[in-house]
Amino acid sequence: MSTALPAVTAIQSRRQFVRSVIYGGLAFYGMPAFARASRPPLGHVVVVGAGFAGLAAARYLREWSAGNIKVTVIEPNPQFISCPQSNLVLGGSRTLDELSFSYDLSRKQHQLQWLQDSVTAIDLAAKQVRLTRGSIAYDRLILAPGVDFDYSRIPGMSSPVAEIPHAWKAGRQTLQLRQQLESMADGGVFVMTIPKAPYRCPPGPYERACQVAHYFKQHKPRSKVIILDANPDITSKKGLFLQSFEGDYRGIIDYHNNSDILQLDTASNTIRTDFETVQATVLNVIPPQLAGKVAQDAGLANVDQHWCEVDFVTYASSLHDSVHIIGDSISAGLPKSAHMATSQAKICAAAIIDLQTGNPPNPLPVFANTCYSFVDDRQAMHVANVYRYDPAKRTMVSAEGGGVSSKASVQEGDYAQAWAQNIWADTLT
């Protein structure tokens, strides 16, 4: 993995602002006071989940506490696989190997204790995490379990079906879906369903449609993409995606909004909605989503039994102040994105260090979020926003700054590749 970071330009215009977000993000987290002084050991933090959120939190806890907080990471998977850019595997311009990274550098660089294991239960009263091979005590716990999938809300598909991969967590299913596209005869139909928001990566499904359409245009020009979106409209970058749907992919992509699944026949790959019945050659059902299973099992998904309520100053659970939850599992009117996850991780890490040293956390955290989408193998577009904590509303709200591309371009594609290299380096090194 290349960890070379592009140079940061000064913020003199909206474009330069966006580029500064690309090249590392605007860090308004407020480094904890402890980082400027030598103190005695500050306790033990256990981090469950080593995706973007969990691994970033572990890194910055160690770095900003000058090694005085012991950090143990619990992660069942042997390697890190990046969801950002995984849709490009379906389009054929990336391989999964290029998105797969070892945890070794981060473990060694930050002297993280590491358990490759799965959580079976959390004893909140005893402050103990139970694993398949033993248990571990903590002073504070960070949960970063990502999302889980709610098949109970898919009529006709109450549990996963091996032949219908969602590929919404990069890995084996990404390769499976790519192989299905390669095996499909020219003239076939790829049908993708999008659940009602919130779900991980709001623009992700529309990027996926573009990537599949790009592949079809190059190799299977008689094939079609049908998007059955349960939402009233495109949830992110609407105008930009419509430029591609109605431009390069006119006649290939058909977008259907308000298309809830009324019935799914897994044997025939047929979906019935309020308006039509559609049969797929290759079917990609992205299920409705909710907080990761670890958070659910611990009883922390207290918003509609789907998402976790947190204090946005510390990311402590509203139910247990020694448990912090970051990333896609939380309830927030914010995009569930990789950049958002690392931003939350840094605020959480700084707040924990302050709490452990008896200092008040930064009461007004601010962070930026940037999200890129590729419409083919080289062209991309972005949306960028700054978010500030609003004490009256007790949530993060969009602030001035940021912006959106006017159109997809090769230059934006270059920025997107630089953004990916930088967030991987920030998380994994």
Side-chain angles (χ1 to χ4, degrees), residues 21 25 48-57 80-87 142-150 153 166-171 174 192-208 229-231 233-238 241 286-296 300-310 312 315 317 324-348 365 367-373 382-387 389 395-398 402 404 419-420 423 426-427:
V21 175
V48 176
F52 282 102
L55 199 56
F80 179 101
I81 303 178
S82 175
C83 282
Q85 298 208 1
S86 62
N87 279 330
I142 296 178
L143 297 182
V147 296
D148 205 349
F149 301 100
D150 186 357
R153 291 190 275 166
H166 54 72
W168 215 238
K169 291 184 179 180
T174 309
M192 178 180 62
T193 70
I194 303 175
K196 287 183 177 177
Y199 57 84
R200 167 182 279 175
C201 190
Y206 314 105
E207 179 192 55
R208 175 170 293 183
D229 191 347
N231 296 285
D233 211 338
I234 294 172
T235 60
S236 179
K237 306 176 190 170
K238 175 184 174 180
F241 280 116
I286 302 172
Q289 291 159 39
L290 68 169
K293 188 174 185 299
V294 169
Q296 293 177 53
L300 298 170
N302 58 330
V303 177
D304 299 328
Q305 297 184 315
H306 282 81
W307 307 104
C308 304
E309 183 181 40
V310 298
F312 290 97
Y315 286 85
S317 165
H324 304 256
I325 308 171
I326 53 177
D328 295 342
S329 283
I330 69 170
S331 174
L334 306 172
K336 297 183 184 296
S337 71
H339 199 157
M340 187 68 71
T342 59
S343 296
Q344 293 169 2
K346 293 168 186 176
I347 291 175
C348 179
F367 57 66
N369 177 64
T370 303
C371 181
Y372 277 96
S373 301
H382 79 272
V383 61
N385 281 296
V386 173
Y387 298 91
Y389 182 68
T395 190
M396 303 295 291
V397 297
S398 184
V404 64
W419 173 89
I423 198 169
D426 186 45
T427 305

### Task
Check ring pair (Phe, Tyr, Trp, His ring centres under 6.0 Å) between His306 and all other residues, then give those that pass, not counting sequence neighbours.
none

### Query
Do any N or O atoms from the side chain of Ser329 and from the backbone of Pro145 form a donor-acceptor pair under 3.5 angstrom?
no

### NZ-CG distance between Lys346 and Asp426, expressed to the nearest 0.5 angstrom
3.5 Å

#### Entry: Which atom of Ala384 lies closest to which atom of Thr370, heavy atoms considered
CB-OG1, 3.8 Å

### Task
Check side-chain contact (heavy atoms from CB on, under 4.5 Å) between Ala170 and all other residues, then give those that pass, not counting sequence neighbours.
Ile81, Cys83, Ser86, Thr174

### Message
Could you check whether any side-chain heavy atom of Phe312 comes within less than 4.5 Å of a side-chain heavy atom of Pro365, counting everything from C-beta outward?
### Response
no

### Query
Taking C-beta and beyond as the side chain, do Phe149 and His166 meet within less than 4.5 Å on heavy atoms?
yes

### Task
Under the ring pair (Phe, Tyr, Trp, His ring centres under 6.0 Å) rule, collect the residues that match up with Tyr389, sequence neighbours excluded.
none

### Task
Using atom types as modelled and distance alone, determine if a side-chain donor or acceptor of Thr427 lies under 3.5 Å from a backbone N or O of Phe52.
no

### Exam field: side chain Ser317 to backbone Val310, donor-acceptor pair closer than 3.5 Å
no

### Task
Report yes or no: does Lys237 contribute a side-chain atom to a donor-acceptor pair with the main-chain N or O of Cys371 at less than 3.5 Å?
yes

## Note on the structure
Closest heavy-atom pair, Pro84 versus Trp419, reported as atoms and distance to 0.1 Å, is CB-CZ3, 4.0 Å

### Summary
Note: Asn87 and Gly204 closest approach over all heavy atoms is ND2-O, 3.1 Å

### Task
Scan Ile330, Ile325, Ile142 and name whichever one has a side-chain contact (heavy atoms from CB on, under 4.5 Å) with Tyr315.
Ile330

### Query
Below 4.5 Å, heavy atoms only, C-beta onward: do Ser343 and Tyr387 meet side chain to side chain?
no

### Query
Can you name the side-chain contact (heavy atoms from CB on, under 4.5 Å) partners of Thr235, sequence neighbours left out?
Tyr199, Pro202, Tyr206, Asn231

### Message
Give me the atom names and distance for the closest heavy-atom approach of Met192 to Pro205.
### Response
CE-O, 2.9 Å

### Query
To the nearest 0.5 Å, how far apart are CG in Asp233 and NZ in Lys238?
3.5 Å

### Task
List for me each residue that meets salt bridge (Lys or Arg N to Asp or Glu O under 4.0 Å) alongside Lys293, sequence neighbours excluded, and say none if there are none.
Asp297

## Note on the structure
In this structure, SG of Cys308 is separated from CG of Leu300 (nearest 0.5 Å) by 5.5 Å

### Query
Is the backbone N or O of Ala420 less than 3.5 Å from a side-chain atom of Gln85, with the two atoms forming a donor-acceptor pair by type?
no

### Message
For a quick test of reading the model, state the closest non-hydrogen atom pair linking Ala53 to Ile326 and the distance between them.
### Response
O-CD1, 3.5 Å

## Note on the structure
Taken to the nearest 0.5 Å, the spacing of Gln289 CD from Asp328 CG works out to 8.0 Å

### Query
side-chain contact (heavy atoms from CB on, under 4.5 Å) with Ser337: which residues, sequence neighbours excluded?
His339, Met340, Asn369

### Message
Has Glu309 got a side-chain atom pairing as donor or acceptor with Ser331's backbone, closer than 3.5 angstrom?
### Response
no

### Message
For the backbone of Arg200 and the side chain of Trp168, can you confirm whether one donor and one acceptor N or O come within less than 3.5 Å of each other?
### Response
yes

### Query
Below 4.5 Å, heavy atoms only, C-beta onward: do Trp307 and Val147 meet side chain to side chain?
yes

